[in-house]
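All ligand and atom numbering here is 1-based and tracks the order in the structure.
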Amino acid sequence: MEQFALDAIARITTRPPEVYDTIAVSPLTPLTGAEVSGLDLSKELTDDQVTEVKRAFLAHHVLVFRDQKLSGEDHKRFAGHFGELRPVEPPPEEGDPYILDVVATKDSKAVAGAGWHADGTADAEPSLGSMLHVTRTPEPGSGGDTLFANMHLAYESLSPAIRTLLDDLTAVHDGLIAWQGHTPPPGYVVAKSEHPVIPRHPETGRQLLFVNGAYTSHIPQLSRAESKAVLEMLYAHIATTPMLHVRVRWEPDTLVFWDNRCVQHHATWDYFPHSRHARRVAINGTRPRA
Ligand code: SIN
């Protein structure tokens, strides 16, 4: 592995140990993701607990909470500690406007999120984070894992020459790409926005790679052919660099909270014709800035 990639890993693996008083935080890999225990999310959390969860979130980007029996109200209350709740788009015809049912059964033709992406990047202010609560795992007892990829590390493990090329570029994110041949409901305005290719995380200031195959259409400063080649190179880097990845195995009543600003995720549909049931609540974010 190249020295710049090793340096990127070492910056994370040699940081001082984290100390928590109200929660236990157990990393899933040295680089990304952690299981958090010691909390019952169906109860009101103390300020200290919320502060420590926020600290763990910024350090690990993907937090896994096991054995959480949650109502929709519990789920929304927990999400509300991190920002304003983000309405489901397009608005559901029935049910809670902030809770997206993520369900796949033997009758499904596709599953949500089966490609590397972050949620809502075509919006002018993309999502801060999403909380997925799986209530029913596929009947065989496994399957439907979600994969996550660390976009700080994706950027930092590129060569300095490619990083310099990307640093001043923007990319157009077009919500129509995600509709893939389906027609949006009448009157629904599909979002389209231009964001820096390499924004800084608004809370940590750390740079990250912010393009994804589900929403990014092109890099307007490049020719179409150059833009396609650069984006394909970056998507291949994200998909084929295992150290960027962590794979979360679901159990019933697991909630995962991920940072859409600096991780991408990918659903796995390896359980057909069985079913998986989940609910997602998302949190509003801010405009990405370089
Ligand atoms: C999503 O893309 O939000 C869904 C992820 C999953 O169901 O694993």
Side-chain angles (χ1 to χ4, degrees), residues 28 32-33 35 57 61-66 68 70 72 75-76 78-79 82 85-90 92 95-96 98-123 126-151 173 175 177-180 182 191 210-216 235 238-239 244-285:
L28 294 173
T32 312
E35 281 214 17
F57 185 61
H61 322 305
V62 179
L63 298 182
V64 179
F65 302 83
R66 301 282 183 196
Q68 303 292 335
L70 302 179
H75 193 162
K76 289 192 291 177
F78 181 50
F82 304 91
L85 299 189
R86 191 174 180 82
V88 173
E89 290 284 346
D96 192 308
Y98 294 100
I99 299 182
L100 177 70
D101 286 321
V102 180
V103 177
T105 67
K106 63 177 175 28
D107 300 320
S108 301
K109 299 279 174 281
V111 292
W116 286 110
H117 68 289
D119 294 330
T121 67
D123 291 355
S127 163
L128 176 154
S130 303
M131 290 185 178
L132 190 67
H133 183 228
V134 167
T135 49
R136 237 174 82 189
T137 47
E139 290 81 351
S142 65
D145 296 356
T146 307
L147 282 66
F148 295 89
N150 181 325
M151 292 301 110
H173 296 239
I177 299 174
W179 282 89
Q180 280 179 353
H182 299 277
F210 198 71
V211 290
N212 69 83
Y215 293 110
T216 308
Y235 299 155
I238 293 166
L244 306 180
H245 301 163
V246 61
R247 182 172 182 129
V248 172
R249 187 168 180 178
W250 296 94
E251 292 159 15
D253 303 319
T254 298
L255 181 140
V256 176
F257 177 26
W258 65 84
D259 191 334
N260 278 313
R261 300 166 298 183
C262 64
V263 293
Q264 292 188 20
H265 58 284
H266 191 310
T268 311
W269 197 16
D270 57 357
Y271 49 89
F272 180 83
H274 302 290
S275 28
R276 175 178 179 269
H277 293 249
R279 290 192 296 244
R280 197 183 79 187
V281 173
I283 301 156
N284 277 337

[X]: numbered ligand 1 atoms lying under 4.0 Å from its heavy atoms:
| X | result |
| --- | --- |
| Thr146 | 6 (C), 8 (O) |
| Val102 | 7 (O) |
| His117 | 2 (O) |
| Gly113 | 2 (O) |
| Ala267 | 5 (C), 6 (C), 8 (O) |

Heavy-atom nearest neighbour in the protein, as seen from atom 4 (C) of ligand 1, with distance rounded to 0.1 Å =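 Result: Ala112 O, 3.9 Å.
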Passing option when Phe65 is tested against Trp250, Phe78, Phe257 for ring pair (Phe, Tyr, Trp, His ring centres under 6.0 Å) |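 With Phe65 as partner, Trp250, Phe78, Phe257 yield a single ring pair (Phe, Tyr, Trp, His ring centres under 6.0 Å), made by Phe78.
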Measure from the side-chain N and O atoms of [X] to the backbone N and O of [Y], and report whether any donor-acceptor pair falls under 3.5 Å.
| X | Y | answer |
| --- | --- | --- |
| Asn284 | Leu128 | no |
| His245 | Ile238 | yes |
| His75 | Met131 | yes |

Close approach, Arg276 and ligand 1, non-hydrogen under 4.0 angstrom | yes
Do the rings of His265 and Phe148 sit parallel, tilted or perpendicular, given the 30° and 60° boundaries?
->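 Judged by the thresholds at 30° and 60°, the geometry between His265 and Phe148 is tilted.
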If you measure from each non-hydrogen atom of Thr268 to ligand 1, which part falls under 4.0 Å: side chain, backbone, both or neither?
-> neither
N-O pairing of Arg279 and Asp96 below 4.0 Å = no
Does the pair Asp123/Arg86 count as a salt bridge with the N-to-O cut at 4.0 Å?
->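 Answer for the salt bridge query: yes.
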Closest to atom 2 (O) of ligand 1 (heavy atoms only, candidates His265, Arg280, Gln264) is His265
